[in-house]
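These figures come from a predicted structure and were not determined experimentally.
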Amino acid sequence: VQLQASGGGLVQAGGSLRLSCEASGLTLSNYDMAWFRQAPGKEREFVGALRRGSGPTYYADSVKGRFTISRDNAKNSVYLRMNSLKPEDTAVYSCAAGASRALSYWSTTYYHADRYNYWGQGTLVTVSS
């Protein structure tokens with residue numbers, strides 16, 4: 001099982017990027033998915049999460065309205081569209097997959113890193129001012 005995040009790079013403030021998370025050995029449509037990020041010298045933080053199927057999505061307040069998570073089941077991929085990027089968005093972004101649970105459980109645990117079973121290597125996003 002392998003998850004691989006890609007699409008990071010250097011972008012100016014106000015710009016956009018789309019990160020991709022591709023899987024091998026895992027059918028992502030069966031999993032709840034999330035993106036986390038870790039900035040230099042800081043702890044990992046939740047960015048956004050997408051429930052299996054057409055369930056609700058959740059975002060950290062810091063990215064709400066700017067970032068969008070989506071999935072393409074045909075490509076076995078999940079994406080993070082990032083608009084209006086800010087220097088404080090600079091971080092290594094990682095995707096994660098977790099076994100899907102009941103909605104009540106999902107709604108209270110989606111932001112916990114330890115509820116995700118599989119993690120991909122991150123991709124670096126650098127936003128210049």
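The structure places CG of N76 at 7.0 Å from CG of L26, a figure rounded to the nearest 0.5 Å. Rounded to the nearest 0.5 angstrom, F67 CZ and S84 OG are separated by 9.0 Å. Rounded to the nearest 0.5 angstrom, Y59 OH and W35 CH2 are separated by 12.0 Å. Atom CZ of R52 is separated from atom OG1 of T27 by 10.5 Å, given to the nearest 0.5 angstrom. Rounding to the nearest 0.5 Å gives a distance of 12.5 Å between OG1 of T57 and CZ of R51.
Ring geometry for Y116 versus W106: interplanar angle over 60°, hence perpendicular rather than tilted (30 to 60°). Ring planes of F36 and W119: tilted class, angle from 30 to 60°.
Exactly one of T68, I69, L80 qualifies for a side chain to side chain contact (heavy atoms under 4.5 Å, CB included) with L50. That residue is I69. With L3 as the partner, the side chain to side chain contact (heavy atoms under 4.5 Å, CB included) test is satisfied by one option alone out of C21, S94, S24: C21.
The cluster map of Ile, Leu, Val, Met, Phe, Trp and Tyr, joined by side-chain heavy atoms under 4.5 Å apart, puts V78 and Y118 in the same cluster. Following chains of ILVMFWY side-chain contacts shorter than 4.5 Å, one can reach Y111 starting from L103, so the two form part of one hydrophobic cluster. Cluster annotation: V63 is not connected to Y79 through the hydrophobic network of ILVMFWY side chains, with a link wherever side-chain heavy atoms come within less than 4.5 Å.
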Requested in this report: Test side chain to side chain contact (heavy atoms under 4.5 Å, CB included) on Q4 and Q121 and set out the steps.
Outcome: CA-CA 6 Å; Q4 181 65 54; Q121 288 187 329; 3.9 Å; yes

Query raised in the report: So S77 and D72, side-chain hydrogen bond (donor to acceptor under 3.5 Å, both in side chains) or not? Walk me through it.
Result: CA-CA 5 Å; S77 297; D72 185 333; over 6 Å; no

Query raised in the report: Where do Q2 and E22 land on the side chain to side chain contact (heavy atoms under 4.5 Å, CB included) test, with the steps shown first?
Result: CA-CA 8 Å; Q2 185 176 11; E22 299 178 344; over 6 Å; no

Query - Test salt bridge (charged side-chain N to carboxylate O under 4.0 Å, His left out) applied to K86 and D89, step by step - result: CA-CA 5 Å; K86 305 175 181 180; D89 294 320; over 6 Å; no

Query - Worked verdict on F46 versus Y110 for side chain to side chain contact (heavy atoms under 4.5 Å, CB included) - result: CA-CA 9 Å; F46 168 78; Y110 61 88; 3.5 Å; yes

Report task. Please test T90 against V125 for side chain to side chain contact (heavy atoms under 4.5 Å, CB included), starting from the C-alpha separation and ending with a verdict. Result -> CA-CA 5 Å; T90 295; V125 173; 5.9 Å; no

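A distance-only check finds no donor-acceptor pair linking the side chain of T126 to the backbone of L10 [under 3.5 Å]. Of the possible donor and acceptor atoms, none in the side chain of R18 sits under 3.5 Å from a partner among the backbone N and O of R81.
Across all non-hydrogen atoms, the minimal contact from L28 to R71 is O-NH1, 2.7 Å. A13 and S129 get closest at one heavy-atom pair: CB-CA, 4.4 Å. Here the closest heavy-atom approach between residue N117 and residue A99 is recorded as OD1-N, 2.8 Å.
D32 and S100 are linked by a side-chain donor-acceptor pair at a separation below 3.5 angstrom, with hydrogens and angles left out of the test.
Scanning for side-chain contact (heavy atoms from CB on, under 4.5 Å) contacts around A91 gives R37, A39, Y93, with sequence neighbours left out.
Inter-residue side-chain proximity for T123 and V92 is flagged as unmet; no heavy-atom pair is nearer than 4.5 Å.
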